[in-house]
Structures are given as structure tokens and as C-alpha cells.
Amino acid sequence: MYRNFAIVPRIIFGRGSFNQLDEILAARRTSDGGMVFILDDVFQDRELRGRVPLHEGDRLLLVNVDDEPKTSYIDALVAEIKAGDSRVPAGIIGIGGGATLDIAKAVALLLTNPGSAADYQGWDLIKRPAVYKVGIPTLSGTGAEISRTTVLTGPEKKLGINSDYTLYDQIVLDPELLAGVPTDQWFYTGMDCYIHDVESLQGTYLNEFSKAYGEKSLELCRQVFLEEHPDRDDKLMMASYFGGMSIAYSQVGACHALSYGLSFVLGIHHGIGCCIAFNQLDEFYAEGVAEFRQMMAKHDIRLPQQVTAGLSDDQMEQMVTVALGLAPLWENCLGKNWRELMPRERARRLLSRM
Ligand code: NAD
Ligand code: ZN
């Protein structure tokens, strides 16, 4: 059986395209609720905040992403929006990195689906269409702008709300918005994309669809991280989009599985966690890891060392359990007999090197 999946239907790309946001939203403004803009609070005192096209009845919510998004945070934001206005908003517009894009997706879903965000962590549990939603990345690499998931940490698990309703209705890809990202963060989030490509292209699930997007994304990542180009932000924005499209029809692999363990037990963020894990995975992705180290050297990136060193036996075992729980990722990486190839001891040995 082949998956019949939805994609984002409307995309605007180009430097300054953010200026057309007001026009894009105009068609969606109805007589009832206003627009709710969800903006990463890093922009609190920056020029972008003043460029948000607010009309009477609209709201601007600043969100904090020091921690990766939790289901409780989504529930609180939804309650705040409902308390401010009993009408359903005409739209939700998320502006920020992967975390903010995920928050905006989840809020739009929970405004029309009853209960807590935690009730919907899993696959296709959402039953009703979300509020109209627009995603505007200010940091590129995760592919969250085009994915059908919003990754949330709940009381019991870190798992996405995966559904066709999770997809944005519109994305605005304006490379100018990437200006001002600190180098480390730019690198870690960009490497998320590079790793998506490597894991997709070396996976057993690979097909021409994923390959077409993955190869182009990888080529763009090489231009961005190993060469000098004045339009590197444009390139990275498209690399992220294509990397996301590549894994949509295949899967990620060992690096993502192990990084979920790091993230769950140590609270390490996605991009940097993927880098810490990937740096120890020569035995799976020799060429990719060698090239990744070249990229690190070029940008003078120093990864945290020995992050798992002080952990207890229980914590190590918990990390192994989380990592090995991601069966499709291991199957993509190692094939159907992955369980024999990746016993708990081997996963633990890999994690203990990180
Ligand atoms: P992020 O959204 O967590 O942001 C990282 C930091 O960069 C934050 O401090 C943020 O305020 C700051 N920032 C963002 N844009 C900036 C700008 N233009 N200038 C200066 N600072 C800026 O980072 P991320 O790596 O983009 O996203 C990681 C999140 O994405 C995780 O929560 C992860 O679970 C999620 N994710 C989702 C998907 C998906 O498909 N939905 C895929 C991968 C990762
Ligand atoms: Zn990723």
C-alpha cells in the first residue's frame, strides 16, 4: 500500500515576500473572529514585530521556546485565545523557528478539536479540520513548515500530532527573515536538514520521490555550509523544504532515533541533539559524518562533549528504550531485521559515546 499524503497547498517564496502577508490574509478575514499571530518572543524588540499586519480585533501572542513545546503550553495558549474572544479566530499565523511553527500548528488544531493536545499525540487522531493556518519560518532546517506533524512533549511521551489537518494552508518563505540568527543555532538547525537528507538517501525506504528531493536538498546544504554564496539564506530555506519533502515519503534513521533518547532524558533540543548523535555515527553514515565534521570545522562549531557521561544506569536504559521505540526509523536505517542488528547493548554503547 502506498501512502496518499497531503502537502501544503500554497507557498510564496522570495526576499520581502513577508510584505505580502496582509494581502494574503485579506481573503481570509471574515466578519467574525480576528487573526491570531503567534510570534517567537526573540522578536519582542525587533523590527519584525512592528511589521506584523495587525488589524482591529487581531491578537499578537509572544511565545517562548526556551523549552521545546509541551502539550500543557498548547492547552494554556488555546485557553488564553478562547478567553479573549469567544469566536473562533479567522486564522493562526506562526512566525519563528521549528518550535514556534509547531506551536502554531497545534493551537490551530486544538481550537477546533476538544480536549488536550496530549489526547492527539499519535497518528491520525485529529477528527476535525483546524483553523486556517499560515507558517512563516525565521530559522531553516527542521522542515516543520511543510511536515504533517507538530512535535510535542506530553505528560507521557514526546510524540507528534501527525495528521493531514496538521499541515499549513499557506507558508511564506522569505529568506530575509533568517538574518540575525546566531551562528551556532543556524548551524544546528541547518544540520537537522543535512541529517534528514543523509538518513533519507541511505535508508532502505528510499524511492525516486524521496531521492529527487533529498539529493537537491543535500546539494544546497553543501553550498550553504561548505561554500560561500551571497544568497545562502535562500538556499537554506529551499534545502529545508526539500529535506522535509524527502522524509515525508521515506523516513529518518539512527541519528534521529538516538537523538530522541537524548532529548527525552536530558532535554537537549532537536538540532543540537541530532548533531551530538550524528558525530558518533561513522559506522552507519561514514561519508556523511566526515562531511559534517568538515562543515563544523569551517564554521568553528564546538559540540558539547560527553553529555551522557554522568547518567545513572536507569537513565541510560530509559534512553535506550526511547530510541529503540522508534521502529520505523531503525527499519529504514538497517532493514527488516534491525532488531538483531541493534540489540540494546549496541544502542547503549552508541549513546554512551555521546
Ligand atoms: P527553535 O524554534 O527551537 O529556535 C531555536 C532558537 O532560535 C530559539 O531561541 C529562537 O528564539 C531562536 N530564533 C528563531 N528564529 C530566529 C531569528 N530569525 N533570529 C534569532 N533567533 C531566532 O529551533 P528549530 O531548530 O528551528 O526548531 C526545533 C524545534 O522544531 C523542536 O521543538 C523540534 O521538536 C521541532 N521539529 C519539528 C519538526 C516537524 O516536522 N514538525 C521537525 C523537526 C523538528
Ligand atoms: Zn530532524
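As the structure lists them, so they are numbered: ligands from 1, and atoms in each ligand from 1. Nothing here was measured: the structure is a model prediction, and the numbers come from that model. The basis for the numbers below is simple: all heavy atoms, side chains too, and nothing from hydrogens, waters or symmetry mates.
- At a 3.5 angstrom cut-off on N or O pairs, D102 counts as close to ligand 1.
- Proximity of V172 to V134: side-chain heavy atoms (C-beta onward) are separated by under 4.5 Å at one or more points.
- Of all the heavy atoms of T138, the ones lying under 4.0 Å from any atom of ligand 1 are found in both the backbone and the side chain.
- For atom 25 (O) of ligand 1, the nearest protein heavy atom (residue, atom name, distance) is T189 OG1, 2.7 Å.
- Of the options N64, L139, V151, N162, the smallest heavy-atom separation from atom 34 (O) of ligand 1 is shown by V151.
- Of the polar atoms of T149, at least one N or O is found under 3.5 Å from an N or O of ligand 1, judged by distance alone.
- Its N, O or S atom nearest to the Zn ion (ligand 2) is what matters here, and for H196 that atom is NE2.
- Residue A144 approaches ligand 1 through these ligand atoms, each under 4.0 Å from one of its heavy atoms: 38 (C), 39 (C), 40 (O), 41 (N).
- Taking the six-membered ring where the residue is Trp, F5 and F209 present perpendicular rings, their angle passing 60° and hence far from 30°.
- Using a cut-off of 2.8 Å, one finds that C274 contributes no N/O/S atom close to the Zn ion (ligand 2).
- Between F264 and Y260, the distance from one ring center to the other does not fall under 6.0 angstrom.
- S147 and K105 are linked by a side-chain donor-acceptor pair at a separation below 3.5 angstrom, with hydrogens and angles left out of the test.
- For the Zn ion (ligand 2), the N/O/S atoms of C193 include none lying under 2.8 Å.
- Under the 4.0 Å criterion applied to side-chain N and carboxylate O atoms, E219 and K216 are assigned as salt-bridge partners.
- By the 4.5 Å heavy-atom criterion applied to side chains, L61 and F37 are not counted as neighbours.
- Annotation for ligand 1: atoms under 4.0 Å from non-hydrogen atoms of S147 are 39 (C), 40 (O), 41 (N).
- Taking the six-membered ring for Trp, F225 and F292 have ring centres at least 6.0 Å apart.
- Across E145 and L101, no two heavy atoms sit closer than the pair N-CD1, 4.0 Å.
- Taking the N/O/S atoms of D192 in turn, the shortest distance to the Zn ion (ligand 2) belongs to OD1.
- Taking 4.0 Å as the cut-off between side-chain N and carboxylate O, D282 and R293 count as a salt-bridged pair.
- By the 4.0 Å N-to-carboxylate-O rule, D234 lies too far from R232 to be salt-bridged with it.
- Under 4.0 Å from ligand 1, the heavy atoms of F43 that appear belong solely to its side chain.
- Distances from ligand 1 to the non-hydrogen atoms of G271 include no value under 4.0 Å.
- Of the N and O atoms on the side chains of T150 and T166, not one donor lies less than 3.5 Å from an acceptor on the other residue.
- Counting atoms of ligand 1 from 1 in the listed order, those under 4.0 Å from a heavy atom of L177 are 18 (N).
- Where the criterion is an N or O separation shorter than 3.5 Å, residue side chain and backbone included, V65 fails it with respect to ligand 1.
- Residue-to-ligand polar distances keep H269 apart from ligand 1: every N/O pair is separated by 3.5 Å or more.
- Side-chain contact, S246 with S200: a donor N or O sits under 3.5 Å from an acceptor N or O.
- Distance from atom 17 (C) of ligand 1 to its nearest protein heavy atom, with residue and atom name: V181 CG2, 3.5 Å.
- Counting heavy atoms under 4.0 Å from ligand 1, residue D192 touches it through the side chain alone.
- Around CD of E287, the count of heavy atoms belonging to other residues, nucleotides or ligands within 6.0 Å does not exceed 12.
- Residue contacts with ligand 1, taken as heavy atom pairs separated by less than 4.0 Å, involve R46 solely via side-chain atoms from C-beta onward.
- Between T142 and ligand 1, no N or O atom pair is found at a separation short of 3.5 Å.
- Side chain to side chain, R344 and T321 meet the donor-acceptor criterion of an N or O pair below 3.5 Å.
- Under 4.0 angstrom from ligand 1, the non-hydrogen atoms of P69 all belong to its side chain.
- Of the protein's non-hydrogen atoms, G98 N, 2.7 Å is the one closest to atom 26 (O) of ligand 1.
- With respect to atom 10 (C) of ligand 1, the closest heavy atom belonging to the protein is D40 OD2, 3.1 Å.
- Contact check on R29 versus D58 returns a salt bridge, with a Lys/Arg side-chain nitrogen under 4.0 Å from an Asp/Glu carboxylate oxygen.
- Looking only at protein heavy atoms, the nearest one to atom 22 (C) of ligand 1 is V42 CG1, 3.9 Å.
- Residue nearest to atom 5 (C) of ligand 1, selected from E145, Q185, H256: Q185 (by heavy-atom distance).
- Centred on the Zn ion (ligand 2), the NE2 atom of H256 and the NE2 atom of H270 lie at an angle of 100°, reported to 10°.
- Between E283 and R346 a salt bridge is recorded (basic side-chain N to carboxylate O distance below 4.0 Å).
- Protein heavy atom in closest approach to atom 29 (C) of ligand 1: A99 N, 3.4 Å.
- Scanning E176, H270, E68 for the heavy atom closest to atom 32 (O) of ligand 1 points to E68.
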